[in-house]
Chemist: 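One structure coming up, written as C-alpha cells, with questions to follow.
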Protein chains: 2
Amino acid sequence: MDIGLDLDTVRTFVAAADAGRFQEAAAELTVTQQAVSKRIAVLERKLGVRLFTRTARGAELTIDGQAFLPHARELLRVAERAVASVRTGRRPLRVDVLTSRSAASGLMRGFHRTHPDIELDVMTLFDIETAVAAIRSGAIDASFRAVAVPGRPLPEDIASLRVLDESLELLTGPAHALAGARSVPVARLAGHRIWMPGIVPGTEWAAYYDDLVAEFGLTIEATGPNFGSDALLDTIADTPALATFMGGQTRLIWPAGHGLRRIPVTDPTPVYPHSLLWHRDNPHPALATLRAHLAATTPGHDVPGTWTPDWVLPH
Amino acid sequence: MDIGLDLDTVRTFVAAADAGRFQEAAAELTVTQQAVSKRIAVLERKLGVRLFTRTARGAELTIDGQAFLPHARELLRVAERAVASVRTGRRPLRVDVLTSRSAASGLMRGFHRTHPDIELDVMTLFDIETAVAAIRSGAIDASFRAVAVPGRPLPEDIASLRVLDESLELLTGPAHALAGARSVPVARLAGHRIWMPGIVPGTEWAAYYDDLVAEFGLTIEATGPNFGSDALLDTIADTPALATFMGGQTRLIWPAGHGLRRIPVTDPTPVYPHSLLWHRDNPHPALATLRAHLAATTPGHDVPGTWTPDWVLPH
DNA sequence: TAGGGTCACAACCGATGGTTGTGGGTTGGT
DNA sequence: ACCAACCCACAACCATCGGTTGTGACCCTA
C-alpha cells in the first residue's frame with residue numbers, strides 16, 4: 001500500500017518546484033541535471049501522477065504537483081525534527097512522565113501550551129532508578145517522579161522540585177458496595193479488595209503503595225499480569241467486589257456504558273507526590289524555563305488532611 | 001546538513017519498535033531478519049545514536065529510540081497523506097482560492113475549523129479559465145472565483161454558488177492625501193493614482209477592475225513588474241501620491257512602522273463577488289459538505305449601497 | 001547441557017541511482 | 001530565417017546500496 005518514498009527525492013522535488021528549473025535545483029543539490037530529471041521521473045512513476053509540465057524554459061508544477069508540494073515541505077520539516085530529536089547538543093527537551101496519562105503528562109501539556117515554541121520529547125521510563133541513571137548520563141533532561149525511595153537518597157548531582165500532589169481516588173464499577181458514595185474515608189477501605197496489577201516491587205510507586213497499605217491496614221492485590229488499563233477498567237467495571245486506586249488527575253479513555261465511578265478518598269486523602277528531577281549541571285535552556293513554569297503554576301503542598309509517606313522529600 | 005532518510009527504513013524502525021523483535025518485524029515487512037538488522041544498523045549509523053539494545057529475547061528501544069519513535073510515526077503519517085494527496089479516487093478535497101491571503105482562503109479556514117476531519121488541499125490557480133478547465137478535468141474539485149467574465153459564460157456542466165461579497169478598501173501610506181479619511185466615496189478617487197501591479201489582461205479580476213474604472217472614471221495603473229505584495233506595500237507606504245485597492249478581508253503581513261491605512265470606499269462600496277464553482281457531476285463527498293457549510297455561513301449579497309459589475313452572476 | 005530463540009557478520013549478486021555524452025525542442029537575438 | 005543558448009530527456013556505463021543465503025555467537029530455559 002505504501003510507497004518507499006525517500007527524502008532525497010522529496011527534497012529534489014521541492015528544490016525543483018522552488019527553482020522552476022531542474023538545472024538550478026541540480027546545482028543547489030550538487031548533482032547533475034540528469035540526476036534531477038531521473039529522480040523526478042521516478043517519483044512521478046511511483047505516484048502515478050505527472051508533477052511537472054516540462055517547458056522550454058524550465059519545469060512548472062502541474063495541479064497535482066501543486067497539491068503535493070505543501071505535503072512534501074511538511075515531510076521535510078518533520079524529518080528534520082525527527083533527526084533533531086536524537087541530535088546530541090541542541091535537541092528537544094526530554095522529559096520522563098511516568099505514564100502518558102499521568103498528572104505529569106498534564107503538566108507538560110500545560111507547559112507546551114504556554115511555550116509552544118519549545119520543542120519537547122516526552123517519554124516514559126520504567127522507574128526512578130532508570131530515570132536517575134538517564135538524567136545522570138544526559139540521556140534525558142528531567143523526570144517527574146516521587147522521591148525518594150527509603151534507603152535510596154537522591155545523588156548529590158540530582159536536584160528536585162516538588163511540583164504536584166495528586167489526590168488518589170477510588171475507581172469502582174457500578175455494582176460495588178461503595179459505588180454510591182460521594183467520598184470515602186481511608187479507614188473504610190480496610191477489608192475491601194483493591195486490585196492494582198502491574199505494580200513492580202522495588203519501584204518508587206510500589207514503595208508508595210506499600211507505605212499506604214501499612215499505614216491504613218489496607219489490602220492491595222498486585223497479582224496477575226498487567227494487560228493494560230483497558231483490561232483493568234473492564235474488570236473493575238464487571239466485578240462488584242473489586243476496586244482500584246487511580247490518580248485524581250489521570251486522563252482516562254472512559255469506556256462508554258461501563259458505569260465506572262471515581263470516588264474521592266478522605267480522612268486523610270492520600271496524595272501522590274510528583275517531583276521534577278534534573279541534573280544540577282544540565283545546561284539545556286528549556287530546562288530552566290520548565291522549572292520556572294512549574295514553580296509558578298503549581299499549587300501549594302502538604303494541605304492539611306492529606307497523607308504522603310514520610311520518606312517523601314519536602315519541597 | 002540533512003540525512004537522506006528513507007521511509008522504508010523509518011517504517012522498519014517503527015515495526016521493530018512495535019514488535020520488540022527484529023524477526024517479527026521482518027515477517028511483517030516480508031523481508032529477512034538480516035535485512036531488518038542491517039537497516040536498523042544503517043539508521044543508527046546515520047543518526048549517530050543507538051536506537052535499540054539487543055537482548056537475548058529481542059530488541060528494546062534505548063532512550064534515544066524512544067525519543068525518535070513518535071517522530072518516526074509522525075513521519076509515516078505525513079508521508080501517507082502526501083501520497084494520498086495525489087491519489088486519484090478518494091483524495092483530499094482540492095480547492096482553488098485565488099490567492100493564499102484572499103477572503104476565500106479565510107472561508108476555507110472557517111470550513112476547516114468546523115470540519116477538521118475533512119482533508120483539504122488548497123491551491124492557487126491563475127485565472128478562471130484554468131480553474132474551469134481544472135474543474136472539468138477533475139484535477140480540482142472547486143474554485144472560488146468571480147464569475148463570469150462577459151462573453152465567456154460558464155459551461156453547462158459547471159455549477160456555481162455566490163458565497164461572499166468582499167468590500168474593496170483603499171490602501172494608502174501615511175502621507176497620502178486621503179490618509180486621514182475614515183471612508184472615501186468612490187467619486188473622490190477620480191484623479192488619484194491607483195496602482196495595482198500584477199493585473200493580467202484577460203483574467204476575470206482584470207475584467208472586474210476594467211468595469212470599475214469605466215463605471216466611476218478611475219485611473220488604475222497596472223504598469224511595472226509585480227514583485228509581490230511586500231514590495232507593493234513598501235512602495236505604497238513610501239509614495240504619497242500612490243494608493244491601491246485591496247479586499248477588505250485580505251490578511252496582510254502588516255509591515256511594522258509603515259503607517260499604512262485601510263480606508264473603506266463608499267457611495268457605492270465596490271464589492272468583489274466570490275462564487276464557488278464546481279462540476280455538477282463531481283461525486284466527492286466533502287464537496288457537498290463544503291457547499292452546505294458555505295450556504296449556511298455566508299451572509300446575504302447585493303446589499304444596497306454596493307456595486308458589482310453587471311456581468312456577475314446572481315445567486 | 002542441549003535446544004530453541006535471539007541478533008550480527010560475511011559473501012554474494014541484482015537493482016538502484018549516480019555519472020558522462022548526446023539529442024530534440026523552444027526562445028530570442030542577429 | 002537562422003543560429004546560439006538555454007531548457008529537459010534518453011542511453012550507456014559503472015559504483016554503491018540493499019537485498020538474499022549461510023553461519024556463528026549469545027542467552028535463556030528445560
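Quick note: numbers below take in every heavy atom, side chains included, and nothing from hydrogens, waters or symmetry partners. Residue numbers start from 1 in every chain, and the chains themselves are labelled A, B, ... in the order their sequence lines are given, proteins ahead of strands.
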Chemist: So which nucleotide from C/dT20, C/dG18, D/dT23 ends up closest to the side chain of A/Ala35?
Modeler: C/dG18
Chemist: So what does B/Val31 hit on the nucleic acid, given a heavy-atom distance under 4.0 Å: a base, only sugar-phosphate, or nothing?
Modeler: sugar-phosphate
Chemist: Of all the choices, C/dC7, D/dC8, D/dG19, which nucleotide is nearest to the side chain of A/Arg21 once you look at every atom?
Modeler: D/dC8
Chemist: When the distance from CG of B/Leu61 to P of C/dC7 is rounded to whole Å, what number comes out?
Modeler: 13 Å
Chemist: Please report, rounded to the nearest Å, how far the P atom of C/dG18 is from the CD1 atom of A/Ile40.
Modeler: 11 Å
Chemist: Would you mind reading off the distance between B/Lys38 atom NZ and D/dT16 atom C1', rounded to a whole angstrom?
Modeler: 11 Å
Chemist: With a cut-off of less than 4.0 Å, is there a side-chain N or O of A/Arg39 near OP1 or OP2 of C/dG18?
Modeler: yes
Chemist: Rounded to the Å, how far apart are B/Arg11 CZ and D/dG18 P?
Modeler: 15 Å
Chemist: Less than 4.0 Å between a side-chain N and a carboxylate O, is that true for A/Arg77 and A/Glu80?
Modeler: no
Chemist: Applying side chain to side chain contact (heavy atoms under 4.5 Å, CB included), can you list everything that pairs with A/Thr99, at least two apart in sequence or on another chain?
Modeler: A/Arg101, A/Ser102
Chemist: So, under a plain 3.5 Å distance rule, would you say the side chain of A/Gln34 forms a donor-acceptor pair with the base of C/dG21?
Modeler: yes
Chemist: Measure from the side-chain heavy atoms of B/Ser37 and tell me the nearest of C/dA8, D/dT21, C/dA11.
Modeler: C/dA8
Chemist: Taking ring pair (Phe, Tyr, Trp, His ring centres under 6.0 Å) as the definition, give me every residue that meets it alongside B/Phe13, ordered by chain and number, with sequence neighbours left out.
Modeler: B/Phe52, B/Phe68
Chemist: What is the distance, rounded to the nearest whole Å, between atom CG of B/Asp8 and atom P of C/dT16?
Modeler: 12 Å
Chemist: What is the distance from CZ of B/Arg45 to C1' of D/dC17, rounded to the nearest Å?
Modeler: 11 Å
Chemist: Sort and list the pairs that fulfil salt bridge (Lys or Arg N to Asp or Glu O under 4.0 Å) and have at least one residue in residues 26-37 of chain A, not counting sequence neighbours.
Modeler: none
Chemist: Output the residues of residues 48-58 of chain A in contact with DNA chain D, where contact means a heavy atom of the residue under 4.0 Å from an atom of the strand; sort by number or write none.
Modeler: A/Arg54, A/Ala56, A/Gly58
Chemist: For A/Glu60, what residues pass the salt bridge (Lys or Arg N to Asp or Glu O under 4.0 Å) criterion, not counting sequence neighbours?
Modeler: none
Chemist: For B/Arg50 and B/Thr62, which I'm curious about, is there any donor-acceptor pair between the side chains at under 3.5 Å?
Modeler: no
Chemist: Can you pull out every ring-ring contact (aromatic ring centres under 6.0 Å, His included) where at least one residue sits in residues 119-142 of chain B? Sequence neighbours excluded, please.
Modeler: none
Chemist: Just the rounded figure in Å: distance from P of C/dT22 to CD of A/Gln33.
Modeler: 15 Å
Chemist: Could you tell me the separation between the CD atom of B/Glu44 and the C1' atom of C/dC9, rounded to a whole number of Å?
Modeler: 15 Å
Chemist: D/dT21, C/dA8, C/dA11: which one has an atom nearest the side-chain heavy atoms of B/Thr32?
Modeler: D/dT21
